[in-house]
Amino acid sequence: MSFPLVAPMFPAGREPLPPGMTEEDRAQLLEAKKYQGWMAMGMESCAAKTVIAGVGGLGIGAFFSLMSSSFAYEDPLLRQSTQAGLNNTQKAREIFKEMGRGMWKSGKGFGKVGALFAGIECVIEGYRAKNDMVNPIAAGFVAGGVLARNSGPKAALGGGLAFAAFSAAIDLFLRREPADDD
């Protein structure tokens with residue numbers, strides 16, 4: 001019996017299949033939905049967001065350092081005086097070690113900032129139960145203050161204000177309305 005204006009109800013696992021799928025595909029579809037649910041649950045987790053931002057920041061920081069280090073070796077006379085007595089293989093090894101140390105240092109810094117900001121923003125968003133412009137601004141203020149805390153209270157306040165302004169600018173850019181192409 002069918003009731004008008006009432007959504008049909010089906011037992012779990014017996015929902016209608018998408019067009020083009022047969023009953024043999026149902027198990028595979030249910031398995032995919034199960035993994036999709038796990039992924040959605042993981043992406044809503046503050047811990048997962050923090051780890052993803054930290055690892056992404058580590059990668060971006062290492063990449064930026066790699067790109068900038070390619071400009072650091074443009075003076076061959078300076079290199080000759082600092083690496084006198086080394087053959088080409090040893091020189092290359094030293095250059096790559098120095099590049100690796102720079103990549104690790106820069107990557108750690110970017111990763112720390114990314115993880116700190118993403119974690120704070122997620123906690124604020126979870127507490128407020130809203131996704132608006134207040135979250136990144138507040139997270140930027142707290143993260144900037146935490147990052148500048150060793151330099152004193154004025155620096156912490158300045159760092160918080162600067163990071164909040166930067167976060168607001170980035171979020172305004174990302175949330176802007178797309179242009180209508182008529």
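With hydrogens and angles ignored, the 3.5 Å screen pairs a side-chain donor or acceptor of Thr50 with a backbone N or O of Cys46. Checked by atom type and distance alone, the side chain of Asp25 pairs as donor or acceptor with a backbone atom of Thr22 at under 3.5 Å. Side-chain N or O atoms of Ser106 include none that pairs as donor or acceptor with a backbone N or O of Met103 at under 3.5 Å. Under the 3.5 Å distance criterion, the side-chain polar atoms of Asn135 are matched with a main-chain donor or acceptor of Lys130.
Ion pair Arg101/Glu98 not flagged as a salt bridge, since none of the NZ, NE, NH1 or NH2 atoms sits closer than 4.0 Å to an Asp/Glu carboxylate oxygen.
Taking CG of Leu172 as the reference point, atom OG of Ser167 lies at 10.5 Å (rounded to 0.5 Å). Remark: Arg26 CZ to Leu30 CG distance equals 6.5 Å, nearest 0.5 Å. Atom-to-atom distance recorded for Ile124:CD1 and Ile120:CD1 is 6.5 Å, nearest 0.5 angstrom.
Hydrophobic clustering of Ile, Leu, Val, Met, Phe, Trp and Tyr side chains at less than 4.5 Å, counting indirect connections, unites Met67 with Ile60. If you chain together hydrophobic residues whose side chains sit under 4.5 Å apart, Phe64 and Phe96 fall into the same group. Follow the hydrophobic side-chain contacts under 4.5 Å out from Trp38 and you never reach Met43; the two are in separate clusters. Side-chain heavy atoms closer than 4.5 Å link hydrophobic residues (I, L, V, M, F, W, Y) into clusters, and following such links, even through other members, never connects Val113 to Phe110. One hydrophobic cluster, built from ILVMFWY side chains closer than 4.5 Å, holds both Phe166 and Leu174.
Closest approach of Ser45 and Cys122 over heavy atoms only: C-SG, 4.5 Å. Minimum interatomic distance between Ser65 and Ser68 (heavy atoms only, all atoms of both residues): O-OG, 3.2 Å. The two residues Ala53 and Gly114 come nearest to each other via the heavy atoms CB-O, 3.4 Å. Considering all non-hydrogen atoms of both residues, Leu58 and Lys108 come closest at CD1-N, 3.7 Å. Closest of all the heavy-atom pairs between Met133 and Arg175 is SD-CD, 3.7 Å.
Within a 6.0 Å radius of NZ in Lys34, other residues, nucleotides and ligands contribute more than 12 heavy atoms. Counting heavy atoms of neighbouring residues, nucleotides and ligands inside a 6.0 Å radius, atom CD of Gln28 does not exceed 12 of them. Crowding of Tyr127 atom OH: a count of heavy atoms from other residues, nucleotides or ligands under 6.0 Å not exceeding 12.
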Under 3.5 Å, which donor-acceptor pairs do the side chains of residues 137-149 form with other protein atoms, sequence neighbours left out?
| from | atom 1 | to | atom 2 | distance (Å) |
| --- | --- | --- | --- | --- |
| Arg149 | NH1 | Val146 | O | 2.6 |

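Judged by the 6.0 Å and 45° rule, Arg176 forms a cation-pi pair with Phe173.
Ring geometry, Phe117 versus Phe163: the interplanar angle falls under 30°, so the pair is classed parallel (tilted spans 30 to 60°).
Contact check for Glu125 versus Asp132: no side-chain heavy atoms found under the 4.5 Å cut-off.
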